[in-house]
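One structure is given here, and the rest of the page talks about it.
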Amino acid sequence: MSDLPEQRDGAKLRLATCSLAGCFGCHMSFLDIDERVVELLEQVEACRSPLNDIKELQQADVGIVEGALCNEDNVRVLQQFRENCRILVGVGACALTGGLPAMRNHYGLAACLKEAYLDATGVVNPSIPSDPELPRLLNRVRPIQEVVKVDYFLPGCPPPADAFHELFAALLQGREPQLAGNLVPFD
């Protein structure tokens with residue numbers, strides 16, 4: 001692929017990550033590459049990540065997005081990633097299919113809100129939140145490729161750590177990732 005980032009003399013690969021609607025398990029799986037993360041950090045600069053609490057998105061070589069889209073803020077963050085990341089990678093079942101968050105799609109948004117805020121056991125003074133600070137929920141949870149072009153996917157719940165390692169090794173070497181066999185789980 002011609003969009004693979006070129007290693008610049010002494011420059012690190014700029015990486016941005018985010019977690020949308022999901023469980024944050026994909027970021028934890030990324031950290032499961034264990035001591036190889038130290039080698040990786042010598043070649044990669046995390047320019048935006050919940051791991052280092054940098055929230056402002058700058059231009060990046062690679063954007064890693066975990067999670068599905070359940071509200072307008074998720075969509076805005078995803079679009080910013082697509083605009084500012086040369087390569088966009090969707091990680092996990094939630095990014096690829098909507099995953100567990102998309103289970104609410106079988107019931108409809110109104111029914112889910114009613115169940116959670118009005119009819120749930122133990123709710124005191126039931127009301128559905130309407131604070132303008134809360135992002136507006138989408139009518140249905142959506143996988144990320146319904147909104148932007150995604151260059152690569154690491155499937156799984158979560159993807160195996162070795163899939164993350166292969167992805168970054170390939171990008172740093174300027175080659176296509178070889179994501180096959182046990183690096184592509186079907187759960």
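- Here NZ of K12 is found 13.0 Å from CG of D61. Values are rounded to the nearest 0.5 Å.
- In this structure, Q58 and R48 have side chains that are not in contact, with every pair of non-hydrogen atoms separated by 4.5 Å or more.
- A single hydrophobic cluster is not seen to contain both I128 and L134; linkage of ILVMFWY side chains at heavy-atom distances under 4.5 Å, directly or through other members, places them apart.
- Residues V147 and L109 fall into different hydrophobic clusters, defined by Ile, Leu, Val, Met, Phe, Trp and Tyr side chains chained together at heavy-atom separations under 4.5 Å.
- Counting only heavy atoms from C-beta outward, the side chains of C18 and V65 approach each other to under 4.5 Å.
- The shortest distance between side-chain heavy atoms of L15 and F168 falls below 4.5 Å.
- Residues L57 and V62 do not share a hydrophobic cluster, defined by chaining ILVMFWY side chains whose heavy atoms lie under 4.5 Å apart.
- Partner F153 forms a side chain to side chain contact (heavy atoms under 4.5 Å, CB included) with one of L179, I144, V89 and no other, that one being I144.
- Contact between L172 and Q43 at its shortest, heavy atoms only, is CD1-OE1, 3.6 Å.
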Compile the donor-acceptor pairs under 3.5 Å between side chains in residues 115-122 and protein atoms, sequence neighbours left out, one pair per line.
unit_1	atom_1	unit_2	atom_2	d
D119	OD2	K114	NZ	2.4

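- A side-chain donor-acceptor contact under 3.5 Å links R14 to the backbone of Q59.
- Results of the side chain to side chain contact (heavy atoms under 4.5 Å, CB included) test with N74 over N71, V77, L78 single out N71 as the only residue that passes.
- A donor-acceptor pair is defined here as one N or O able to donate and one able to accept, closer than 3.5 Å; no such pair exists between the side chain of Q173 and the backbone of L171.
- The two residues N139 and R104 make their nearest non-hydrogen contact at O-NH1, 3.5 Å.
- Distance check: I64 CD1 to Y152 OH gives 11.5 Å after rounding to the nearest 0.5 Å.
- Interatomic distance, CD of E83 versus CD of Q80, reported as 7.0 Å (0.5 Å rounding).
- A pairwise comparison of heavy atoms in N105 and V141 identifies OD1-N, 2.7 Å as the closest pair.
- Follow the hydrophobic side-chain contacts under 4.5 Å out from L96 and you reach F81 in the same cluster.
- Cluster annotation: V150 and L138 are assigned to the same hydrophobic cluster (Ile/Leu/Val/Met/Phe/Trp/Tyr, side-chain heavy-atom contacts under 4.5 Å, transitive).
- The environment of CG in D131 is crowded: more than 12 heavy-atom neighbours from other residues, nucleotides or ligands sit within 6.0 Å.
- Across all their heavy atoms, G63 and C85 have their closest contact at CA-SG, 3.6 Å.
- When every heavy atom of C94 is checked against every heavy atom of P101, the shortest pair comes out as SG-CD, 3.4 Å.
- Within the structure, the salt bridge (charged side-chain N to carboxylate O under 4.0 Å, His left out) test picks out the following pairs touching residues 66-81 (sequence neighbours left out): E72-R136, D73-R76.
- Annotation for P159 and G92: closest pair CG-N, 3.6 Å, computed over non-hydrogen atoms.
- Residues K149 and L88 have side chains not in contact (no heavy-atom distance under 4.5 Å, counting atoms from C-beta outward).
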